[in-house]
Student: 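Take a look at the following structure, please.
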Amino acid sequence: MENSVVLVTGGSGLVGKAIKYVVENGSGCKNEKWVFASSKDGDLTDRASTEAMFLKYKPTHVIHLAAKVGGLFGNLSANLEFLRKNLEINDNVLFMAHKTGVQHVVSCLSTCIFPDKTSYPINETMVHNGPPHDSNYGYSYAKRMIDILNRGYNREHGRNYTSIIPTNVFGPDDNFNVQEGHVLPGLIHKIYKAKEEGKPFTVWGTGKPRRQFIYSRDLARLIIWVLREYKETEPIILSVGEEDEVSIKEAAEQVAIAMEFKNGFIFDTEKSDGQYKKTADNAKLRKYLPDFKFTPFPIALKETCDWFVENYETARK
């Protein structure tokens, strides 16, 4: 990747900031220029605005993270909008990448794109095997179409465009909003407030569902490897192994340890558990990188909790 310009769309989000962190702390190369773009740099739902961004930065490589995202309620109430906006974003980014001669694009998908009715563990061959869960069909189908676009640009134009599928990402710069954030940042914020108030904290659901959590900075290192070394068009799952899956109860216990919280917690079993598990198979990743060392979950969690406490005034919003 000599004399390359890497444009990261969605560069101000959790994963974008993690990539910036690892690039600035040893993973960058001398002849690479990195551009971390946010919505302030252009509207990716607009073709002309997207073209202006590509002409301004002249990228040779793109990491495409930008998307219209939302929680369960947001998706339920606006599936059509999520479908249309994300289709526009993805089509504009990949078309302009092709039009301006970008060599390699790595786009970010999500495990929610997999069929609702499926067997476990899920792997890269199963993406299109059935409809996704109806609650977020708009976002899921739009993300699936990135894979179709990648195949089209490869078959018809020989482009090296591919996609990654991470499992549950967490780390510094996450969305720690208790109502809107994902499970781990939500737990961290709840425990912080319970510690301040000297009360136990409440975990929504039974605590039994199991998840694979990947530290954002580990994911960032893997995305950079994909950008530099991975030559397949087919997606690749980026995840810890099945053996590293933890229950929500175990995750809550680890957060309590990291936050030095000793007031205990209770489970609100009136709240839904959601899917019991959505285990992903990382065999393909391990075939390429058998020796990749993931940050141990307790250490990654401690670093995330420490960042949240240090940046509480901005992080809590």
Side-chain angles (χ1 to χ4, degrees), residues 1 3-21 23 32-71 74-75 77-110 112-113 136-154 156-164 166 169 173 175 180 220 223-224 226-227 233 235 317:
M1 286 178 53
N3 301 315
S4 57
V5 178
V6 185
L7 172 65
V8 182
T9 71
S12 61
L14 167 63
V15 180
K17 286 190 174 178
I19 294 172
K20 186 175 185 182
Y21 176 88
V23 164
E32 290 173 358
K33 178 185 176 184
W34 289 78
V35 177
F36 294 88
S38 71
S39 56
K40 294 174 185 173
D41 294 283
D43 177 6
L44 296 179
T45 66
D46 179 77
R47 177 63 58 87
S49 180
T50 308
E51 182 173 26
M53 184 188 293
F54 274 77
L55 293 176
K56 177 181 179 181
Y57 295 118
K58 298 179 173 59
T60 57
H61 298 70
V62 173
I63 297 174
H64 175 36
L65 307 174
K68 178 174 173 58
V69 297
N75 278 279
S77 61
N79 261 297
L80 179 60
E81 184 183 358
F82 276 80
L83 176 68
R84 296 186 65 243
K85 293 292 185 188
N86 283 299
L87 285 174
E88 288 171 342
I89 290 169
N90 300 332
D91 187 46
N92 286 338
V93 168
L94 289 172
F95 176 74
M96 291 315 308
H98 167 61
K99 184 178 177 182
T100 58
V102 171
Q103 300 164 24
H104 195 182
V105 179
V106 178
S107 298
C108 190
L109 309 186
S110 162
C112 74
I113 70 173
N136 62 355
Y137 75 84
Y139 178 82
S140 298
Y141 274 121
K143 282 291 188 180
R144 282 189 189 185
M145 289 308 296
I146 290 179
D147 179 52
I148 303 301
L149 286 165
N150 288 342
R151 293 169 193 272
Y153 280 113
N154 179 257
E156 296 183 23
H157 302 288
R159 293 297 188 196
N160 185 16
Y161 298 170
T162 191
S163 55
I164 56 158
V169 189
D173 296 293
N175 176 5
E180 297 173 8
I223 291 173
I224 293 169
V226 170
L227 187 74
T233 302
K317 299 172 185 175

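Every heavy atom of this structure was used, including side-chain atoms; hydrogens, water molecules and symmetry mates were not.
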Student: Could you give the distance from OG1 (Thr60) to CD (Gln103), rounded to the nearest 0.5 Å?
Tutor: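 Answer for the OG1-CD pair, Thr60 versus Gln103, is 5.0 Å.
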Student: Are Leu94 and Asn150 packed together at the side-chain level, in the sense that at least one heavy-atom pair is separated by less than 4.5 angstrom?
Tutor: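 A side-chain contact under 4.5 Å exists here.
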Student: Applying the side chain to side chain donor-acceptor pair (under 3.5 Å) test to Asp147, which of Arg144, Lys143, Arg151 qualifies?
Tutor: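 That would be Arg151; it is the only one of Arg144, Lys143, Arg151 passing the side chain to side chain donor-acceptor pair (under 3.5 Å) with Asp147.
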Student: Relative to each other, are the rings of Phe82 and Tyr139 parallel, tilted or perpendicular (30° and 60° limits)?
Tutor: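 Perpendicular: the ring planes of Phe82 and Tyr139 meet at over 60°.
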Student: Kindly determine whether Tyr21 and Asp173 satisfy side-chain contact (heavy atoms from CB on, under 4.5 Å), including the steps that lead there.
Tutor: CA-CA 11 Å; Tyr21 176 88; Asp173 296 293; over 6 Å; no
Student: Say you draw a straight line from CG of Asn136 to CG of Asn79; how long is it, rounded to the nearest 0.5 Å?
Tutor: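 Nearest 0.5 Å value for the CG-CG distance: 6.5 Å.
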Student: Is there a side-chain contact between Glu32 and His61 in this structure, where contact means two heavy atoms from C-beta onward sitting under 4.5 Å apart?
Tutor: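 They are not in side-chain contact.
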Student: Do Tyr141 and Leu83 come close enough that some side-chain heavy atom pair is under 4.5 Å?
Tutor: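 Heavy-atom side-chain distance check passes, below 4.5 Å.
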Student: Side chains of Ile19 and Leu65: closer than 4.5 Å at any heavy-atom pair?
Tutor: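 Yes, side chains in contact.
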Student: Is there a side-chain contact between Val105 and His98 in this structure, where contact means two heavy atoms from C-beta onward sitting under 4.5 Å apart?
Tutor: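 Counting from C-beta outward, Val105 and His98 never come under 4.5 Å.
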Student: Contact between Met53 and Leu7 at the side-chain level, heavy atoms closer than 4.5 Å - yes or no?
Tutor: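 The answer is yes; the side chains approach within 4.5 Å.
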Student: Could you tell me if the side chain of Val102 sits less than 4.5 Å from the side chain of Met96, heavy atoms only?
Tutor: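 Of all side-chain heavy-atom pairs linking Val102 with Met96, none is under 4.5 Å.
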Student: For a side-chain contact (heavy atoms from CB on, under 4.5 Å) check, start with the C-alpha distance between Leu149 and Asp91, then their side-chain angles and the critical distance, and finish with the verdict.
Tutor: CA-CA 8 Å; Leu149 286 165; Asp91 187 46; 4.1 Å; yes
Student: To the nearest 0.5 angstrom, please state how far the NZ atom of Lys85 sits from the CG atom of Leu44.
Tutor: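 Separation between the atoms: 11.5 Å.
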Student: Angle between ring planes, Phe36 versus Trp34, binned at 30° and 60°: parallel, tilted or perpendicular?
Tutor: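 Taking Trp34 first and then Phe36, their aromatic rings lie parallel (interplane angle under 30°).
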Student: Contact between Phe54 and Val62 at the side-chain level, heavy atoms closer than 4.5 Å - yes or no?
Tutor: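 Side chain of Phe54 against side chain of Val62, heavy atoms only: contact under 4.5 Å found.
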